[in-house]
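Remarks on the structure that follows.
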Amino acid sequence: MNESILKIYEKLYNLYGPQGWWPLIDLESENLNKSGATHGYHPLNYELPETEKQKYEIILGSILTQNTAWTSAEKALLNLKKITNFNPEKILSLDDEVLKKAVRPAGFLNQKSTYIRGITKFFSSLEGTTPSRNEILKVKGVGNETADSILLYAYKKPEFVVDTYTRRIFSNLSLVDEKISYMELKKLFENNLPLSVPIYQEYHALLVEHAKRYYRKKPYDDILKI
DNA sequence: AACCAGGACGTGA
DNA sequence: TCACGTCATGGT
């Protein structure tokens, strides 16, 4: 009944193309993807992540990017890779001040360093198994969006990710009320899309890309000049 | 120089 | 439940 959900997806996909989320720093040579990229985004490769280390990198990124520009979260990720190579045990063994210093460029260093310790213990306890949504939500620092991001991008589970951009775009188009709850908006997408991990992954990424261009609260000057 | 960024938590009504 | 203050650094 909400054909607009799928039509908007097709329109955005035709506009921007495959987005290749979630970006990975840790793309080693054995994981060379179809696009030929060796780091960052990997359009049309839906096999990633292929290793536990890559899953863990996505989980770290999902915490670090909370209410934070990805460019800032990525700096913190690079710091963590440099000093731990995304080894969970090394993260846990870090001195607290060292961890905070690495997290600093992503902001909220006190909270995020604590959250990273918590979710690292949780990740290690999984021993390679896939957690349920409710299990991830019990981890302090993991709310609805972070849980869905982890499930969709790290574990390839069909959980649609809603963020502030999603709500902003669709309420601006008068397709939903701006006060719609996270779960309601999530179900609206899931009820009107094929049960497809690649489509869920691309749709969320496309909405972020589109919102960055046209739905900033305060548009950048260079965009306004276009 | 304010304003915002790929949110989550604790509190009080 | 739900609104509101708080957390923090970096880009514009």
Side-chain angles (χ1 to χ4, degrees), chain A residues 9 12 16 18-25 40-43 49 57-80 96-120 122 133-154 159-172 177-186 189 200-226:
Chain A
Y9 171 71
L12 291 173
Y16 304 124
Q19 298 299 296
W21 276 39
W22 187 282
L24 285 167
I25 295 167
Y41 299 91
H42 43 86
E57 179 188 335
I58 293 172
I59 289 170
L60 290 176
S62 72
I63 299 290
L64 291 169
T65 196
Q66 287 173 359
N67 201 40
T68 302
W70 176 253
T71 50
S72 297
E74 194 174 40
K75 288 174 185 172
L77 268 182
L78 285 168
N79 289 340
L80 291 175
D96 203 48
E97 295 308 313
V98 175
L99 179 56
K100 285 182 181 177
K101 184 181 176 185
V103 169
R104 175 177 297 162
F108 307 100
L109 70 169
N110 293 304
Q111 293 182 1
K112 286 180 178 176
S113 58
T114 301
Y115 295 164
I116 282 174
R117 287 192 192 280
I119 201 159
T120 298
F122 173 76
R133 194 172 191 277
N134 283 332
E135 286 172 337
I136 306 183
L137 282 172
K138 290 176 187 170
V139 179
K140 187 172 291 184
V142 177
N144 280 316
E145 183 186 341
T146 304
D148 287 331
S149 293
I150 290 171
L151 287 169
L152 180 62
Y153 292 107
E159 300 283 350
F160 198 88
V161 179
V162 172
D163 68 344
T164 54
Y165 287 149
T166 311
R167 184 175 286 98
R168 193 178 301 167
I169 290 173
F170 279 78
S171 64
N172 193 281
D177 188 280
E178 65 176 342
K179 308 300 290 182
I180 189 173
S181 73
Y182 183 96
M183 292 306 291
E184 279 185 300
L185 190 48
K186 171 182 169 70
F189 282 93
Y200 284 20
Q201 289 182 341
E202 293 291 1
Y203 206 160
H204 172 65
L206 286 164
L207 287 171
V208 172
E209 175 60 26
H210 188 62
K212 280 178 174 175
R213 297 182 185 226
Y214 302 111
Y215 283 82
R216 299 246 186 209
K217 284 187 176 179
K218 187 179 181 183
Y220 295 154
D221 292 342
D222 60 332
I223 296 179
L224 285 176
K225 288 175 182 172
I226 295 175

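Because the structure is a prediction, the values reported are computed rather than measured. Throughout, protein chains are lettered first and strands after them, A, B, ... in sequence-line order, and every chain is numbered starting at 1.
Checking dG6(B), dA5(B), dG10(C) against the side-chain heavy atoms of K212(A) singles out dG6(B) as nearest. In the set dA8(B), dA3(C), dG10(C), dG10(C) carries the atom at the smallest distance from any side-chain atom of K75(A).
A salt bridge does not link K101(A) with E97(A): none of the charged nitrogens is closer than 4.0 Å to a carboxylate oxygen.
In this structure P18(A) satisfies the side chain to side chain contact (heavy atoms under 4.5 Å, CB included) test together with Y13(A), P43(A), L44(A), Y46(A), E202(A), sequence neighbours excluded. For R167(A), there are no side chain to side chain donor-acceptor pair (under 3.5 Å) partners at least two apart in sequence or on another chain. Looking at residues two or more places apart in sequence or on another chain, you find a side chain to side chain contact (heavy atoms under 4.5 Å, CB included) between I169(A) and L173(A), L207(A), H210(A), A211(A), Y215(A). Looking at residues two or more places apart in sequence or on another chain, you find a side chain to side chain contact (heavy atoms under 4.5 Å, CB included) between T146(A) and S62(A), I63(A), Q66(A), V142(A), I150(A).
Distances shorter than 4.0 Å separate some side-chain N or O of T164(A) from OP1 or OP2 on dG7(B). In this structure, K100(A) does not reach the dA8(C) phosphate: none of its side-chain N or O atoms is under 4.0 Å from OP1 or OP2.
If you check residues 104-118 of chain A against DNA chain C, the residues with a heavy atom closer than 4.0 Å are R104(A), P105(A), G107(A), F108(A), L109(A), N110(A), Q111(A), listed by number. Annotation: proximity of residues 138-146 of chain A to DNA chain C (heavy atom, distance under 4.0 Å) is found for no residue.
Taking for each of D163(A) and L137(A) the nucleotide of DNA chain B with the nearest heavy atom, the 5'-most of the two is the partner of D163(A).
Taking atom C1' in both dA3(C) and dG6(B), one finds a spacing of 23 Å when rounded to whole Å.
A donor N or O paired with an acceptor N or O is not found under 3.5 Å between the base of dG7(B) and the side-chain atoms of Y165(A).
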